[in-house]
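The chains referred to below are lettered A, B, ... by the order of the sequence lines, with proteins before strands, and numbering in each begins at 1. Below, all heavy atoms of this structure are taken into account, side chains as well, without hydrogens, waters or symmetry copies.
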Amino acid sequence: MTTQYWLVKQEPTDYSWDDFVRDGRTAWTGVRNYAARLHLRAMRKGDQVFFYHSNEGKCVVGLAKVAATAYPDPTAEAESGWVAVDLVPVQALAEPVTLAQIKASPPLKDIALIRQSRLSVMPLRAAEFKQLQKLGGR
DNA sequence: GCCAACGTTGGC
DNA sequence: GCCAACGTTGGC
(Lines give C-alpha, C1' and ligand atoms only; values in the text may rest on other atoms or scores of the structure.)
Protein backbone atom coordinates (compact mmCIF):
# COMPACT_ATOMS: atom_id res chain seq x y z
CA MET A 1 0.00 0.00 0.00
CA THR A 2 1.46 3.31 -0.99
CA THR A 3 1.42 6.05 1.57
CA GLN A 4 -1.28 8.63 1.09
CA TYR A 5 -0.97 12.25 2.03
CA TRP A 6 -3.48 14.43 3.84
CA LEU A 7 -3.93 17.77 5.53
CA VAL A 8 -6.11 18.45 8.55
CA LYS A 9 -7.16 21.85 9.79
CA GLN A 10 -7.64 22.92 13.33
CA GLU A 11 -8.03 26.22 15.10
CA PRO A 12 -5.05 26.46 17.47
CA THR A 13 -7.25 28.05 20.12
CA ASP A 14 -9.23 24.77 20.17
CA TYR A 15 -6.39 22.28 19.78
CA SER A 16 -2.93 23.40 18.79
CA TRP A 17 0.10 21.55 17.47
CA ASP A 18 1.68 22.03 20.92
CA ASP A 19 -1.34 20.41 22.58
CA PHE A 20 -1.00 17.55 20.14
CA VAL A 21 2.72 17.07 20.88
CA ARG A 22 2.01 17.18 24.62
CA ASP A 23 -0.65 14.47 24.23
CA GLY A 24 1.54 12.30 22.02
CA ARG A 25 -1.53 10.89 20.31
CA THR A 26 -5.01 12.21 19.69
CA ALA A 27 -8.39 11.08 18.46
CA TRP A 28 -9.36 13.32 15.53
CA THR A 29 -13.00 13.71 16.49
CA GLY A 30 -15.76 16.18 15.74
CA VAL A 31 -15.72 16.10 11.94
CA ARG A 32 -19.32 16.65 10.80
CA ASN A 33 -18.94 17.14 7.08
CA TYR A 34 -19.57 14.42 4.52
CA ALA A 35 -16.65 15.23 2.23
CA ALA A 36 -14.27 15.32 5.17
CA ARG A 37 -15.70 12.03 6.42
CA LEU A 38 -14.94 10.34 3.13
CA HIS A 39 -11.33 11.37 3.54
CA LEU A 40 -11.17 10.14 7.14
CA ARG A 41 -12.52 6.77 6.02
CA ALA A 42 -9.89 6.55 3.27
CA MET A 43 -6.96 7.07 5.65
CA ARG A 44 -4.64 4.11 6.18
CA LYS A 45 -2.26 3.44 9.01
CA GLY A 46 1.05 5.21 8.37
CA ASP A 47 -0.40 7.83 6.02
CA GLN A 48 1.23 11.23 6.44
CA VAL A 49 -0.86 14.14 7.59
CA PHE A 50 0.05 17.80 7.70
CA PHE A 51 -1.42 19.84 10.56
CA TYR A 52 -2.67 23.33 9.68
CA HIS A 53 -3.57 26.10 12.08
CA SER A 54 -6.61 27.98 10.80
CA ASN A 55 -7.74 31.47 11.78
CA GLU A 56 -4.89 32.28 14.14
CA GLY A 57 -1.62 31.36 12.54
CA LYS A 58 -2.85 30.37 9.09
CA CYS A 59 0.11 28.10 8.58
CA VAL A 60 1.08 24.47 8.29
CA VAL A 61 2.95 23.70 11.49
CA GLY A 62 3.80 20.03 11.63
CA LEU A 63 3.59 16.53 10.31
CA ALA A 64 1.63 13.67 11.82
CA LYS A 65 0.82 10.13 10.82
CA VAL A 66 -2.24 7.95 11.05
CA ALA A 67 -2.04 5.56 14.00
CA ALA A 68 -5.56 4.11 13.81
CA THR A 69 -7.99 4.03 10.91
CA ALA A 70 -11.58 5.25 11.07
CA TYR A 71 -13.80 4.13 13.93
CA PRO A 72 -17.10 5.52 15.26
CA ASP A 73 -16.57 9.02 16.62
CA PRO A 74 -17.16 8.80 20.40
CA THR A 75 -18.30 12.43 20.42
CA ALA A 76 -21.14 11.69 17.99
CA GLU A 77 -24.35 9.78 18.56
CA ALA A 78 -24.01 6.02 18.20
CA GLU A 79 -24.93 4.76 14.73
CA SER A 80 -24.68 8.29 13.35
CA GLY A 81 -21.91 7.29 10.96
CA TRP A 82 -19.45 9.99 11.94
CA VAL A 83 -15.93 8.71 12.38
CA ALA A 84 -12.64 9.59 14.01
CA VAL A 85 -9.06 8.47 13.36
CA ASP A 86 -6.07 8.50 15.69
CA LEU A 87 -3.07 10.64 14.84
CA VAL A 88 0.40 10.83 16.35
CA PRO A 89 2.85 13.71 15.86
CA VAL A 90 5.95 13.02 13.76
CA GLN A 91 7.76 16.34 13.83
CA ALA A 92 7.19 20.07 13.72
CA LEU A 93 8.23 21.86 10.56
CA ALA A 94 11.52 23.73 10.90
CA GLU A 95 9.63 26.74 9.54
CA PRO A 96 5.83 26.96 9.53
CA VAL A 97 4.51 27.34 5.99
CA THR A 98 2.10 30.25 5.84
CA LEU A 99 -1.03 30.48 3.76
CA ALA A 100 0.59 33.40 1.92
CA GLN A 101 3.54 31.17 0.98
CA ILE A 102 1.19 28.45 -0.17
CA LYS A 103 -0.74 30.89 -2.35
CA ALA A 104 2.53 32.18 -3.81
CA SER A 105 3.87 28.70 -4.63
CA PRO A 106 3.00 27.49 -8.15
CA PRO A 107 3.17 23.77 -7.22
CA LEU A 108 0.47 24.45 -4.63
CA LYS A 109 -1.91 26.46 -6.79
CA ASP A 110 -4.50 23.66 -6.91
CA ILE A 111 -4.21 22.60 -3.28
CA ALA A 112 -7.58 21.80 -1.70
CA LEU A 113 -6.75 24.16 1.15
CA ILE A 114 -7.24 27.05 -1.28
CA ARG A 115 -9.75 25.55 -3.70
CA GLN A 116 -12.09 24.29 -0.97
CA SER A 117 -11.38 26.70 1.79
CA ARG A 118 -13.90 25.28 4.24
CA LEU A 119 -12.94 21.62 4.03
CA SER A 120 -11.27 20.45 7.24
CA VAL A 121 -9.80 17.12 6.09
CA MET A 122 -8.37 16.93 2.60
CA PRO A 123 -6.09 14.83 0.43
CA LEU A 124 -2.77 16.17 -0.86
CA ARG A 125 -1.09 15.13 -4.08
CA ALA A 126 2.41 13.70 -3.62
CA ALA A 127 3.87 16.77 -5.33
CA GLU A 128 1.95 19.05 -2.99
CA PHE A 129 3.12 17.10 0.03
CA LYS A 130 6.74 17.31 -1.11
CA GLN A 131 6.50 21.03 -1.75
CA LEU A 132 5.10 21.65 1.73
CA GLN A 133 7.94 19.61 3.21
CA LYS A 134 10.45 21.62 1.22
CA LEU A 135 8.95 24.99 2.23
CA GLY A 136 8.84 23.77 5.82
CA GLY A 137 12.53 22.96 5.87
CA ARG A 138 12.12 19.21 6.03
C1' DG B 1 -16.06 43.10 12.42
C1' DC B 2 -17.10 42.02 7.72
C1' DC B 3 -18.12 39.13 4.13
C1' DA B 4 -17.55 35.32 0.60
C1' DA B 5 -18.02 30.52 0.15
C1' DC B 6 -20.66 26.88 0.87
C1' DG B 7 -23.16 23.25 3.44
C1' DT B 8 -27.70 22.39 5.59
C1' DT B 9 -32.55 23.00 6.41
C1' DG B 10 -37.21 23.39 5.40
C1' DG B 11 -41.20 25.18 2.71
C1' DC B 12 -43.38 24.40 -1.42
C1' DG C 1 -36.57 18.14 -6.41
C1' DC C 2 -35.89 23.08 -6.25
C1' DC C 3 -34.37 26.96 -4.00
C1' DA C 4 -34.44 30.65 -0.48
C1' DA C 5 -33.06 31.32 4.11
C1' DC C 6 -29.90 30.51 7.39
C1' DG C 7 -25.67 29.05 9.90
C1' DT C 8 -20.74 28.20 9.93
C1' DT C 9 -16.05 28.58 8.47
C1' DG C 10 -12.20 31.11 7.85
C1' DG C 11 -9.54 34.79 5.41
C1' DC C 12 -8.94 39.57 5.49
Side-chain angles (χ1 to χ4, degrees):
Chain A
M1 173 84 62
T2 51
T3 303
Q4 302 173 105
Y5 304 107
W6 310 93
L7 183 146
V8 295
K9 252 183 345 197
Q10 183 64 35
E11 295 191 35
T13 50
D14 286 347
Y15 192 76
S16 70
W17 171 259
D18 286 345
D19 294 330
F20 182 35
V21 169
R22 191 174 310 120
D23 290 347
R25 179 179 178 123
T26 197
W28 207 258
T29 58
V31 171
R32 298 291 184 273
N33 170 281
Y34 293 110
R37 186 175 80 183
L38 280 177
H39 300 316
L40 286 179
R41 287 187 185 282
M43 288 185 182
R44 292 295 169 254
K45 195 171 177 182
D47 282 358
Q48 300 197 269
V49 185
F50 272 124
F51 191 117
Y52 176 80
H53 278 171
S54 60
N55 286 324
E56 292 180 31
K58 282 171 286 180
C59 53
V60 179
V61 288
L63 181 64
K65 66 180 178 184
V66 177
T69 54
Y71 55 89
D73 183 342
T75 71
E77 280 186 47
E79 313 300 323
S80 63
W82 298 116
V83 298
V85 298
D86 284 358
L87 300 179
V88 295
V90 174
Q91 67 177 354
L93 291 178
E95 293 291 337
V97 180
T98 66
L99 184 62
Q101 282 178 279
I102 291 169
K103 286 185 169 175
S105 174
L108 297 174
K109 69 178 173 53
D110 290 328
I111 193 171
L113 185 67
I114 297 168
R115 298 191 76 107
Q116 279 179 275
S117 63
R118 292 183 54 194
L119 190 60
S120 62
V121 180
M122 64 197 76
L124 294 176
R125 296 182 184 90
E128 292 167 347
F129 178 85
K130 290 192 176 76
Q131 178 68 6
L132 284 174
Q133 269 189 319
K134 184 178 160 192
L135 292 175
R138 300 294 187 191

* To do: Return the set of residues passing side-chain contact (heavy atoms from CB on, under 4.5 Å) with A/Asp23 (not counting sequence neighbours), or none when no residue passes.
  => A/Tyr15
* Asked: Pairs in or reaching into residues 103-127 of chain A: which pass ring-ring contact (aromatic ring centres under 6.0 Å, His included), with residues at least two apart or in two chains?
  -> none
* Structure fact -> Within residues 110-123 of chain A, those residues having any heavy atom closer than 4.0 Å to DNA chain C are A/Ser117, A/Arg118
* Asked: Sequence neighbours excluded, which residues qualify as side-chain contact (heavy atoms from CB on, under 4.5 Å) partners of A/Thr3?
  -> A/Tyr5, A/Asp47, A/Gln48
* Structure fact -> For A/Asn33, the side-chain contact (heavy atoms from CB on, under 4.5 Å) test, sequence neighbours excluded, returns A/Ala35, A/Ala36, A/Leu119
* Structure fact -> Across all chains, not counting sequence neighbours, the salt bridge (charged side-chain N to carboxylate O under 4.0 Å, His left out) partners of A/Arg32 are A/Asp73
* Asked: Can you list the residues that meet the ring pair (Phe, Tyr, Trp, His ring centres under 6.0 Å) rule with A/Phe50, with sequence neighbours excluded?
  -> A/Phe129
* To do: Output all residues satisfying salt bridge (charged side-chain N to carboxylate O under 4.0 Å, His left out) with A/Arg118, sequence neighbours left out; order by chain, then residue number.
  => none
* To do: Please list, in 5' to 3' order, the outermost nucleotides of DNA chain B lying under 4.0 Å from any heavy atom of chain A.
  => B/dA5 to B/dT8
